[in-house]
> 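Got a structure for you, written out below as structure tokens; questions coming shortly.
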Amino acid sequence: MRTTQLYAPTLRETPAEAEVMSHQLLLRAGMIRKAAGGVYTYLPLAWRVLRKIETIIREEMDVAGGQELSMPIIQPAELWHETGRWDIFGEEMFRLKDRHDRSFCLGPTHEEMITSLIRNEVRSYRQLPLLLYQIQNKYRDEIRPRFGLMRGREFIMKDLYSFDKDEAGLDVSYKKMYDAYTNIFTRCGLVFRPVEADGGSIGGGFTHEFTVLADSGESEIVYCSKCDYAANVEKAELKASVQENIAEELPLKLVDTPDMKTIEAVTDFMGMDSTQSIKAVAFQNEKDEVILAFVRGDHDVNDVKLQNAVGAVTLRMADEAAIKAVGGVPGFMSPIGLTKDAKVVVDLSVMEMTNAIGGANQIDKHYCNMNPKRDFTDYLVTDLRLMCEGDPCPHCGAPVKMTRGIEAGQVFKLGTKYSESLKATFLDENGREKPLVMGCYGIGVSRTMAAAIEQNNDEYGIVWPAAIAPYQVVVIPVNAKNTEQFSIAETLYQELQAAKVEVVLDDRKERAGVKFKDADLIGYPIRITVGPKSVEEDSIEIKIRRSGEVFTYGKVDYLENVLSMLRNL
RNA sequence: CGGGGCAUGGCUCAGUUUGGUAGAGCACCUGGCUUGGGACCAGGGGGUCGCAGGUUCGAAUCCUGCUGCUCCGACCA
């Protein structure tokens with residue numbers, strides 16, 4: 001490809017709307033343009049990257065026994081009514097009606113579609129397992145699309161759905177996908193971790209997220225400093241510690257704490273540490289029932305754990321009226337002295353506390369010497385808090401570390417949730433009718449491209465891993481007027497093409513600086529510079545984008561060196 | 001959904017407070033000059049100032065309504 005032909009309008013300045021690095025660089029490198037909030041056109045360079053990622057995915061899916069198909073993006077409402085997700089998805093689903101007033105949606109995902117497809121065709125265990133996948137646009141009407149391709153309303157997803165006759169079969173399919181994903185992200189040249197995660201609303205149980213590590217990532221993960229445990233903080237389990245409390249339990253005492261509604265105010269006033277206080281957080285579920293969560297003052301409530309613990313569909317912060325209705329006093333809440341309407345959930349670590357301070361459910365008053373085991377009544381104890389750096393690993397007990405990342409893929413054991421609601425059954429070896437056991441495995445393709453940039457960039461632009469770079473090499477003749485340089489560049493260009501290298505020749509009549517800036521911005525892994533020395537001394541300059549290293553070779557041996565560099569990038 | 005902010009040429013923005021008929025830099029076109037890190041000089045093209053009303057002799061500027069974009073929040077009582 002010649003730059004004069006390439007449609008990649010680069011920008012010198014960063015458009016105001018772009019906040020995160022990948023968004024800025026995708027715009028500046030002439031790779032994407034916005035069509036509407038969260039909806040983008042992929043220009044040629046971006047499309048090449050996406051196709052490369054897709055190719056890697058296809059190869060690994062096929063090796064794992066997957067078969068690719070294509071399903072409708074426009075999906076009839078009836079299917080979604082069958083699983084109840086027409087309502088559950090709510091505002092997040094793009095809906096439309098046809099001329100006959102029939103309801104449809106733009107598929108946010110394809111569990112319904114795929115399950116309805118095979119429920120009529122798969123009748124026997126002999127036809128299983130079945131692994132089908134698609135790579136297509138999906139649609140979610142996000143409340144707040146942002147971060148460019150990271151959280152769009154239209155995005156490219158690969159989804160594979162597995163159908164097995166039993167749990168054992170699902171385990172095999174799951175393992176295949178887990179391994180395939182490990183291969184995919186490794187081949188893409190990304191630093192990532194598979195982490196244990198919460199199932200969320202897709203329903204089902206066991207799941208791993210494949211998280212591309214990047215400080216700008218939206219998900220927070222913990223990983224063990226010793227063993228291979230890694231989990232999303234939402235999921236990370238904390239076990240009851242076996243510490244022995246020697247402190248003697250003192251009698252409960254009411255103290256005045258005028259206008260001290262925060263942990264900090266109270267503990268400062270009392271000369272205590274926040275670890276000695278009990279923090280209350282009030283929620284309401286979808287039925288408007290009040291749920292009061294209690295954690296240690298220095299801890300934070302993990303609302304996913306809380307949601308699971310109380311079986312809530314949704315949770316939101318409780319309003320003041322609701323708190324008062326159950327006998328709570330905002331700012332001074334505790335499990336002591338509530339009316340019975342509230343569900344009280346207490347974190348494990350709170351139960352280990354002695355002589356703690358907490359609210360009294362009276363205005364401007366707290367209790368000292370609160371001993372949960374003695375003083376609390378009618379409550380549920382569970383693991384409720386967010387894990388912090390240094391907390392013990394649930395597997396080996398070593399302190400955990402935290403980092404951030406971008407969730408690029410997820411493997412999920414669905415079980416029979418969809419096959420039951422959609423009546424997708426088969427006959428097993430004993431002639432008994434059973435629901436198919438399903439799994440779903442997604443990769444955000446467009447998001448993976450953005451994640452790759454978040455993880456691989458510097459002050460000059462993108463630094464593509466070679467496997468997914470739009471082109472591997474750019475050839476730049478330095479002096480636009482020098483026909484000898486151009487002619488040498490042209491020869492190198494031809495030779496590289498003949499050697500099956502994806503190469504761009506920057507044949508623009510621009511000054512060297514412009515070409516260098518664009519090359520850095522677009523992030524070609526290797527830059528070949530043709531300058532005066534190439535004419536006079538037969539030397540070819542090769543610069544590695546990532547390391548900045550510069551090598552000089554002759555016209556006869558540059559090619560083999562480029563090829564070997566590409567293999568190692 | 002709540003609260004900010006913004007909307008002026010392809011991009012980044014000034015001009016709005018105090019109404020007087022639209023500007024800069026970059027980009028683009030022409031010519032010259034330059035050529036190893038986003039040059040320079042000269043000339044040129046391009047904007048119903050988001051949309052719809054209103055006030056006024058006169059509106060980018062003031063008023064009303066709408067739309068779009070964007071940021072923060074929607075967790076520690």
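Just so it is clear: chains get the letters A, B, ... in the order the sequence lines come, proteins before strands, and each one is counted from 1.
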> Roughly how far, to the nearest 0.5 Å, is NZ of A/Lys279 from OG1 of A/Thr262?
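Rounded to the nearest 0.5 Å, the OG1-NZ separation comes out at 10.0 Å.
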
> May I ask you to check whether A/Trp464 and A/Tyr524 place their ring centers less than 6.0 Å from one another?
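Ring-ring flag for A/Trp464/A/Tyr524: false, centres at least 6.0 Å apart.
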
> Atom NZ of A/Lys509 to atom C1' of B/rU30: distance rounded to whole Å?
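Atom NZ in A/Lys509 sits about 18 Å away from atom C1' in B/rU30.
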
> Quantified in whole Å, what is the C1' atom distance between nucleotide B/rG47 and nucleotide B/rA7?
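Taking atom C1' in both B/rG47 and B/rA7, they lie 14 Å apart.
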
> Which nucleotide, in any strand shown, forms a Watson-Crick or G-U wobble pair with B/rC11, with both distances under 3.5 Å?
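Its partner is B/rG25.
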
> Tell me: NE2 of A/His299 to P of B/rA77, nearest whole Å?
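Rounded to the whole Å, the gap is 15 Å.
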
> From CG of A/Leu292 over to C1' of B/rA77, roughly how many Å is that when rounded to an integer?
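The answer, rounded to whole Å, is 10 Å.
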
> Which class fits the ring pair A/Tyr379 and A/Phe376: parallel under 30°, tilted 30 to 60°, perpendicular over 60°?
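A/Tyr379 vs A/Phe376 ring planes: perpendicular.
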
> Looking at B/rG36, B/rC72, B/rC75, which one has an atom nearest to any side-chain atom of A/Glu19?
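The answer is B/rC72.
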
> Tell me whether the OP1 or OP2 atom of B/rU34 has a side-chain N or O from A/Arg511 closer than 4.0 Å.
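Result: no.
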
> Between B/rC72 and B/rG31, how many Å separate the two P atoms, rounded to a whole number?
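Going atom to atom, P in each nucleotide, I get 48 Å.
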
> Taking the side chain of A/Arg12 as heavy atoms from C-beta outward, which of B/rU35, B/rA27, B/rA39 is closest to it?
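Nucleotide nearest to A/Arg12's side chain: B/rA27.
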
> Would you classify A/Asp300 as touching base, sugar-phosphate or nothing, given that sugar-phosphate means primed atoms plus P, OP1 and OP2, and contacts are heavy atoms under 4.0 Å?
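Base contact.
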
> Is a donor-acceptor pair below 3.5 Å formed from side chain A/Asn479 to base B/rG36, judging by atom type as modelled?
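Side chain to base: no pair below 3.5 Å.
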
> Rounded to the Å, how far apart are A/Glu142 CD and B/rC1 P?
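Spelled out: CD on A/Glu142 to P on B/rC1 is 16 Å.
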
> If you go through the side-chain atoms of A/Gln485, does one of them form a donor-acceptor pair with the base of B/rG36 closer than 3.5 Å?
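It does not, because no donor-acceptor pair links the side chain of A/Gln485 to the base of B/rG36 below 3.5 Å.
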
> Do A/Arg447 and A/Glu454 sit within salt-bridge range, that is, some charged N less than 4.0 Å from a carboxylate O?
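Result for this pair is no, no salt bridge flagged.
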
> Using a cut-off of 4.0 Å on non-hydrogen atoms, how would the nucleic acid contact of A/Thr262 be classed: base, sugar-phosphate, or nothing?
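If one applies the 4.0 Å heavy-atom cut-off, A/Thr262 turns out to touch the sugar-phosphate alone, with no base involved.
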
> Report which part of the nucleic acid A/Pro9 touches: base, sugar-phosphate, or nothing (heavy-atom distance under 4.0 Å, all strands).
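The answer is nothing, as A/Pro9 stays clear of every strand by at least 4.0 Å.
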
> Rounding to an integer number of angstrom, what distance separates B/rC33 and B/rU70 when you compare their C1' atoms?
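That atom pair is separated by 43 Å.
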
> So what does A/Ile323 hit on the nucleic acid, given a heavy-atom distance under 4.0 Å: a base, only sugar-phosphate, or nothing?
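Result for A/Ile323 = base.
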
> Categorize A/Glu541 for me: base, sugar-phosphate, or nothing, with a 4.0 angstrom heavy-atom threshold over every strand shown.
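Base: the residue A/Glu541, judged by heavy atoms under 4.0 Å, touches a nucleobase.
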
> What distance, rounded to whole Å, do you find between the two P atoms, one in B/rG9 and one in B/rG15?
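Here B/rG9 and B/rG15 have their P atoms 15 Å from each other.
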
> On the side chain of A/Lys34, is there an atom forming a donor-acceptor pair with the base of B/rG10 - under 3.5 Å, no angle test?
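A donor-acceptor contact between them is absent.
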
> Can you tell me how far C1' of B/rC76 sits from CD1 of A/Ile278, to the nearest Å?
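To the nearest whole Å, that distance equals 14 Å.
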
> What distance, rounded to whole Å, do you find between the two P atoms, one in B/rG45 and one in B/rC29?
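Roughly 15 Å separates the two P atoms.
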
> Give A/Lys324 one of three labels, base, sugar-phosphate or nothing, depending on what nucleic acid heavy atoms sit under 4.0 Å from its own.
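Nothing, no heavy atom under 4.0 Å.
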
> Report the residue from A/Asp256, A/Thr257, A/Asn361 that forms a side chain to side chain donor-acceptor pair (under 3.5 Å) with A/His366.
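Output: one option passes, namely A/Thr257.
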
> Need the pair for B/rA77. Rule: Watson-Crick or G-U wobble, both distances under 3.5 Å, any strand; none if unpaired.
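Paired with no nucleotide.
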
> So which nucleotide from B/rG36, B/rA77, B/rG38 ends up closest to the side chain of A/Ala280?
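Looking only at side-chain atoms, A/Ala280 lies closest to B/rA77.
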
> When we call it a touch if two heavy atoms are under 4.0 Å apart, what does A/Asp520 touch: a base, just sugar-phosphate, or nothing?
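Counting heavy atoms under 4.0 Å across all strands, the contact made by A/Asp520 includes a base.
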
> NZ of A/Lys517 versus P of B/rA27: gap in Å, rounded?
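My rounded result for the distance is 14 Å.
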
> Write down the distance between CZ (A/Arg153) and C1' (B/rU70), rounded to a whole number of angstrom.
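Rounding to the nearest Å, CZ of A/Arg153 and C1' of B/rU70 are 13 Å apart.
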
> Pair A/Thr4, A/Asp507 - check side chain to side chain donor-acceptor pair (under 3.5 Å), show working.
CA-CA 6 Å; A/Thr4 49; A/Asp507 56 344; 2.7 Å; yes

> Start with the C-alpha gap between A/Tyr40 and A/His23, add the side-chain angles, then the distance that decides, and say whether ring pair (Phe, Tyr, Trp, His ring centres under 6.0 Å) holds.
CA-CA 11 Å; A/Tyr40 294 86; A/His23 191 192; 5.7 Å; yes

> Do the side chain of A/Arg28 and the base of B/rG38 come within less than 3.5 angstrom through a donor-acceptor pair of N or O atoms?
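Yes, a donor-acceptor pair under 3.5 Å.
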
> Which nucleotide wins on minimum distance to the side chain of A/Pro532, given the candidates B/rA77, B/rG36, B/rG38?
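Between B/rA77, B/rG36, B/rG38, the one nearest the side chain of A/Pro532 would be B/rG36.
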
> Could you please name the option among B/rU12, B/rG36, B/rG38 that lies closest to any side-chain atom of A/Ala512?
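In terms of side-chain proximity for A/Ala512, the closest of B/rU12, B/rG36, B/rG38 is B/rG36.
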
> Within the structure shown, what part of the strands sits under 4.0 Å from A/Gly531 by heavy-atom distance: base, sugar-phosphate, or nothing?
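A/Gly531: base contact, heavy atoms under 4.0 Å.
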
> Please work out if A/Arg527 contacts a base, only the sugar-phosphate, or nothing of the nucleic acid, heavy-atom cut-off 4.0 Å.
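Answer is base: heavy atoms of A/Arg527 come under 4.0 Å of a base.
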
> Both A/Leu521 and A/Pro15 contact RNA chain B. Taking the nearest nucleotide for each, which residue is further toward the 5' end?
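It is A/Pro15 whose nearest nucleotide is closer to the 5' end.
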
> Nearest to the side chain of A/Lys481, heavy atoms from C-beta on, is which of B/rC72, B/rU70, B/rU35?
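Selected nucleotide (nearest to the side chain): B/rU35.
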
> Does the pair A/Gln307 and A/Asp303 meet the rule for a side chain to side chain donor-acceptor pair (under 3.5 Å), with working shown?
CA-CA 6 Å; A/Gln307 198 165 336; A/Asp303 44 8; over 6 Å; no

> Rounded to whole angstrom units, what separation is found between the CD atom of A/Glu510 and the C1' atom of B/rC40?
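A/Glu510 atom CD is separated from B/rC40 atom C1' by 14 Å.
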
> Please report the distance separating the P of B/rC49 from the corresponding atom of B/rU21, rounded so that it comes out in whole Å.
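Looking at atom P only, B/rC49 and B/rU21 are 15 Å apart.
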
